Each structure stands twice: as C-alpha cells, then as structure tokens.
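So that the names make sense, note that chain A is the first sequence line, chain B the second, and so on, each numbered from 1. None of these values were measured; they are calculated from a predicted model.
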Number of protein chains: 2
Amino acid sequence: MVTTQFSGSAEDADISRADSLAREIFSDVANKWALLIIETLGERTLRFTELRGALEGISHKMLTQNLRMLERNGLLVREVHPTVPPRVEYTLTEPGQALRATVDLMCGWTRRYIGHIEESRRRFDA
Amino acid sequence: MVTTQFSGSAEDADISRADSLAREIFSDVANKWALLIIETLGERTLRFTELRGALEGISHKMLTQNLRMLERNGLLVREVHPTVPPRVEYTLTEPGQALRATVDLMCGWTRRYIGHIEESRRRFDA
DNA sequence: CTGGATCCAGTATGATACTG
DNA sequence: CAGTATCATACTGGATCCAG
C-alpha cells in the first residue's frame, strides 16, 4: 500500500512523500464513523439530520467533523440550498462511491464471520 | 450491514442483538492500526518486533492492545515458542485473510485516488 | 435546520520501568 | 524478546449555547 517501496532511484523523496500522504489518507478514512457515513450516503443523498438519524449514536460534533473531512478529501460534496430554514445535502462523489464499494465488502465480511467471531470471543474470554 | 433490518417478526430481539454485535465488530476492526496490522500480517507470519518495525510509528502498547483484540476476535493466532529468549509469532486466520482482501481493496483505492484527493485538499484549503 | 465555538470529562496514547 | 503496569498527557468526543 501505504508501503509502496520501489526505492533506489533519485525520486526517493517523492516516493516517501507519496507514502506519507497515503498514510494520512488512510488514517482519515479508516475510522468507524467515516466508513459508516460513506456506507450510509452510498444509498442516496441525505441531509444533515437524516444522516444523523440513520447513523444512530453519532454526536452532532462528530458528524460535522467527519463530513468536513470527507468533503475536504473530495469523497462527498456539500450542497447548500439558500432557503430558510437552510437545507444542506450531502452526496458521494465518484471517489466516494468507489470507496463505498470496498466498505460494502467489509460489511459483507462482518455478516459472514459474525458467528465465527462471537464464538472466538467466548473462547478467548474464558 | 450493521443495519440489517428485516424486522417485523418475533425475532426482533435477536436481530437487534446481532446488529449491535456487528456494530461492535465493525468498531473494533475499522481503525487505522487494526487494518494496518491485518494488511502487514497478510503477507506472512511475523514476530512481535518484526511487526512493530514494519508498521513504523506504532507504539509498543498500541501494538499489544490491537494484537490482543484481533486475537480475541479470531482474526489472528498467537503462537508462543517456549524458548529463551521467547519467540512469539502472529499469523492471520482464514477470517483474517478474508478481511485482508477487503483491506487490500482499500489500499488499492488509496493508490488510485491519491492524486484526486491531494488536488481536492488543495482546493478546499483555499 | 445547520453548524460553529466552548467547556470539560473520559479515553487513548506514549514513555518508562519492571518481569519472565 | 515479549509483555505488563504505571503514570503523565494529549486528544477525542459529548453537552451546551449561540448564530445565520
């Protein structure tokens, strides 16, 4: 990944820069709420409050922070309708949709191994 | 996922229990270090110190914590060789390997969109 | 409705020292 | 080498209040 490592040439500086950037992106994206937002927004465009309801358990602040972060990375777009009261909609971009595909797989993985894991935990906790 | 929701029947309790378990698993797994460990260990069995070297930036404590958590969930096995000095090896299980496949995709995603993202960030930060 | 700002508690994390 | 325990600290995340 992340550890791309071809090295040896004169572009070492570029490579390590790209690596650290990849790390940074990975750290941004590889967190519970970010992935859950991507997953939820994958199905359809949602407003702030709708999203918050769908996520269940996320705080106002967390949602805002993560949305800003995802917007900054270009994974979603924020559309403000200048009405009153304001109406703001969040939509996944193409990169966001692409990421969503991988999140779907993780969700599928969870469903598939949930039994395994529950059993493993029982054994471990004993 | 996570939001499985068939509902309506008498097994609602079971379903919501499964959902909360799925949530829990997802929270465990969807974090930077856990995924990076899975990814690194995917290539081959490693010892504690090797793993720590490969990850670069992780503290002794964080590594231990995450390894315990992954072991508890049955994503990897911890093999202790009773020699002196001790030798402990960590290997991905089948569920672990399966998860690794999805992490690989995330890594691929990062590589593919790293340019997009860098550009998006520049625009956003202005 | 959306979201920024602030305050504060709880937790995560790192450094260090110690054991087998 | 691997791992635990302890401690100090930074940071995260939640609650609340205010504004457009």
Checklist entry - Is a donor-acceptor pair below 3.5 Å formed from side chain A:H60 to base C:dG3, judging by atom type as modelled? => result yes
Choosing from [options], which nucleotide comes nearest the side chain of [X]?
| X | options | value |
| --- | --- | --- |
| A:P85 | D:dC1, C:dC1, C:dT13 | C:dC1 |
| A:T64 | C:dG3, D:dC1, D:dG3 | C:dG3 |
| B:S59 | D:dA15, C:dG14, D:dC1 | C:dG14 |

Checklist entry - With a non-hydrogen cut-off below 4.0 angstrom, is B:R47 in contact with a base, only sugar-phosphate, or nothing? => result sugar-phosphate
Could you tell me how far apart [X] ([atom1]) and [N] ([atom2]) are, to the nearest whole angstrom?
| X | N | atom1 | atom2 | answer |
| --- | --- | --- | --- | --- |
| A:L36 | D:dG13 | CG | C1' | 16 Å |
| A:L63 | D:dG13 | CG | P | 13 Å |
| B:R87 | D:dG3 | CZ | P | 13 Å |
| A:E71 | C:dT2 | CD | P | 15 Å |
| A:L46 | C:dC1 | CG | C1' | 15 Å |
| B:E79 | D:dC1 | CD | C1' | 16 Å |
| A:W33 | D:dG14 | CH2 | P | 8 Å |
| A:K61 | C:dT6 | NZ | C1' | 9 Å |

Please state whether the phosphate of [N], meaning OP1 or OP2, lies under 4.0 angstrom from any side-chain nitrogen or oxygen of [X].
| X | N | value |
| --- | --- | --- |
| B:Y90 | D:dG3 | yes |
| B:R78 | D:dG3 | yes |
| A:R68 | C:dG4 | yes |

Checklist entry - A:V103 and B:L105: same hydrophobic cluster, using ILVMFWY side-chain contacts below 4.5 Å? => result no
Next on the checklist: Taking ring pair (Phe, Tyr, Trp, His ring centres under 6.0 Å) as the definition, give me every residue that meets it alongside B:Y113, ordered by chain and number, with sequence neighbours left out.
Outcome noted: B:W109, B:H116
Checklist entry - Under a 4.0 Å N-O cut-off, is there an ion pair linking A:D19 with A:R23? => result no
Checklist entry - Could B:R121 and B:E118 be called an ion pair, given the rule that one side-chain N must be under 4.0 Å from one carboxylate O? => result no
Item to check | Most 5' of B:R52 and A:E50 on DNA chain C, judged by nearest nucleotide | outcome: A:E50
Checklist outcome for this item: By nearest-heavy-atom nucleotide on DNA chain D, the more 5' of A:M62 and A:P86 is A:M62
Next on the checklist: Test of understanding: with side-chain hydrogen bond (donor to acceptor under 3.5 Å, both in side chains), list the residues that count as partners of A:T45, not counting sequence neighbours.
Outcome noted: A:T91
